[in-house]
> 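My questions all concern the structure below.
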Number of protein chains: 2
Amino acid sequence: MTPNKEDYLKAIYKLGGMETLVNNKQIADTLQIAPASVTEMLGKLKREGLIHYEAYKGSRLTSEGIGAAISLVRGHRLWEVFLMRHLGYSWSEAHEDAELLEHITPPRLIARLDQFLNHPAYCPHGSAIPRSDGQVDCMPLQPLNLLFVGEASRIRRVTEEKGLLDYLQGLGVTIGASVRIVEAGAHEGPLTLDLDGKRVQISYKAACQIYVDETARL
Amino acid sequence: MTPNKEDYLKAIYKLGGMETLVNNKQIADTLQIAPASVTEMLGKLKREGLIHYEAYKGSRLTSEGIGAAISLVRGHRLWEVFLMRHLGYSWSEAHEDAELLEHITPPRLIARLDQFLNHPAYCPHGSAIPRSDGQVDCMPLQPLNLLFVGEASRIRRVTEEKGLLDYLQGLGVTIGASVRIVEAGAHEGPLTLDLDGKRVQISYKAACQIYVDETARL
DNA sequence: AAAAAGATTTAGGCATACCTAAATTAGCGA
DNA sequence: TCGCTAATTTAGGTATGCCTAAATCTTTTT
């Protein structure tokens, strides 16, 4: 297994490759790699038994592939917890360096890091950390932009993307904060939020990447 | 810079490439790589300004190469401190995993790790950790086997090699322990030591890899 | 259903980093 | 100094993982 192959597995996993067939274009876009290169690599991953793949159809992780992908994600998120909790990293920095560390983290290091950090259930960006047995728990969440004006909820997760993370952290967005839409600009205009009592403006696009508790609706 | 090139730089550094010319055979032996491959890589490192190299003569680090090598060693040893102090690693495990981590540790991570660990001066095996400005301090040490029978000293450093580390740690050898040669077998036979008050037998070859304070001699 | 558009694969190349085998150079002893 | 040996380099080849351009398949649109 090489870092490159690991990136492919992670990409397929995040694109839904546990349940559905993932098409090559999505992988190429995610990894910023030419489609032809993707085809080639998928052939290798198939030969190694990590994915199911049929030409022109798409790819899906095998159980072995799922195991590898989940282990990578687990390592990534544990490192993020360490980097922020103990080394004072920012959201985006933690994500960046975890991206490097995950590829060379052997199982025993993952296990001891998990123990050192006291078996955290979530990474600093709010994503669930897969357990050592591969179990991943998920809460019912919805993107912030779908909240009605006046409706209150609580921030649970943000998408891990450098630019977004810096923007949100600069605005004071935090996991667990209570949030209420005060005003929504027309045509996907900026949203005015009540964030833990403070008034904050946020772009519509960013709001789509913030996930909050589903609110009870009839 | 790639992990491979980094390994070459580190090897040259450890073989004395800061002061003297290092010959290819030593590098090939250290890295377990065919001599022809070494020649090829040295050409690349020269083109990149990391080493001085003349065919058939040998190689020596440039100031840029020294900087890179020292930064690698610094990262390696800081990771070792972390792995043993906080994750309960053994001597040999710490060395192994640090070998992986050093290659993907960006400068900011080295800096924050150093701070988190409180700027340690030595790694768990007793080697000095280069400071962020590149400064490396060294104590006058000698191998344990050169101690006379009856002579006492203190263990300061052990060579980082998996088999040796497991052997020594199993024997209860620790950095800082007081040591005295009780008996030395003839013909490079085993040494009987008084180690912090406990009687321990150790192979001659292992003793060559244990460094103790130089003792005052006239 | 045919054509256009989009996705995917094939073909041919490039760089890295390794290898073996063969040629060359350097250094040492007779 | 000749010649042997050890070290080194050159030559030719492999696998990985990426690329572009061209061909092919699929899907959508008309």
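This one's a predicted model, so the numbers in the text were calculated from it and none came from an experiment. Letters A, B, ... mirror the listed sequences (proteins, then strands); counts begin at 1.
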> Which residues within residues 7-16 of chain B lie with some heavy atom under 4.0 Å of an atom in DNA chain C?
B/Tyr8

> Could you work out which one of C/dT24, C/dA17, D/dG17 sits closest to the side chain of B/Thr2?
C/dA17

> B/Ala36 has a side chain; which of D/dC18, D/dA11, C/dT10 sits nearest to it?
D/dA11

> Counting only side-chain heavy atoms from C-beta out, which of D/dG17, C/dC18, D/dT9 sits nearest to B/Tyr53?
D/dT9

> For a quick check of understanding: with a heavy-atom distance under 4.0 Å over all strands, which category does B/Lys57 fall into, base, sugar-phosphate or nothing?
nothing

> Per the side-chain contact (heavy atoms from CB on, under 4.5 Å) rule, which among A/Leu50, A/Leu61, A/Asp7 passes with A/Ile12?
A/Leu61

> Tell me which of B/Arg47 and B/Gln32 sits closer to the 5' end of DNA chain C, going by the nucleotide each one is nearest to.
B/Arg47

> Output the rounded distance in Å from CG (A/Leu21) to P (D/dT27).
12 Å

> Between A/Glu160 and A/Lys14, is the closest basic N to carboxylate O distance under 4.0 Å?
no

> Which part of the nucleic acid, if any, lies within contact of B/Ala55, taking any heavy atom under 4.0 Å across all strands shown: a base, the sugar-phosphate backbone alone, or nothing?
sugar-phosphate

> Is there side-chain contact between A/Leu141 and A/Val212, with heavy atoms separated by less than 4.5 Å?
no

> If I take atom CE in residue A/Met41 and atom C1' in nucleotide D/dG17, what distance separates them, rounded to the nearest angstrom?
6 Å

> Ignoring the backbone of A/Ala34, work out which of C/dC19, C/dT8, D/dC19 is nearest its side chain.
D/dC19

> Would you say CZ of A/Arg85 has more than 12 non-hydrogen atoms from neighbouring residues, nucleotides or ligands within 6.0 angstrom?
yes

> If I take atom CD1 in residue B/Ile33 and atom C1' in nucleotide C/dT20, what distance separates them, rounded to the nearest angstrom?
15 Å

> How are the rings of B/His125 and B/His95 set relative to one another: parallel (under 30°), tilted (30 to 60°) or perpendicular (over 60°)?
perpendicular

> Rounded to whole angstrom units, what separation is found between the CD atom of A/Glu6 and the P atom of D/dT16?
16 Å

> B/His86 vs B/Phe82 aromatic rings, parallel, tilted or perpendicular, using cut-offs 30° and 60°?
tilted

> Nearest whole angstrom, please: distance from the C1' of C/dA7 to the CG of A/Asp29.
11 Å

> Counting heavy atoms from C-beta on, name the nucleotide in D/dT9, C/dC18, D/dG17 closest to the side chain of A/Glu40.
D/dG17

> Salt bridge check: are A/Glu96 and B/Arg108 linked by an N-O gap of less than 4.0 Å?
yes

> Of the options C/dT8, D/dG17, C/dC19, whose atoms approach the side-chain atoms of A/Asn23 most closely?
C/dT8

> For B/Lys25 and D/dT9, give me the distance from atom NZ to atom C1', rounded to whole Å.
16 Å

> Assess whether a salt bridge exists between A/Arg112 and B/Glu93, defined as any Lys/Arg side-chain N lying under 4.0 Å from an Asp/Glu carboxylate O.
yes

> Counting only side-chain N and O atoms of B/Ser37, is one of them less than 4.0 Å from OP1 or OP2 of C/dA17?
no

> Whole Å only: how far is the CG atom of A/Asn24 from the P atom of D/dC25?
16 Å

> Between C/dA17, D/dT16, C/dC18, which nucleotide gets closest to the side-chain atoms of A/Lys44?
D/dT16

> Rounded to whole angstroms, how far apart are CD on A/Glu48 and C1' on D/dG17?
13 Å

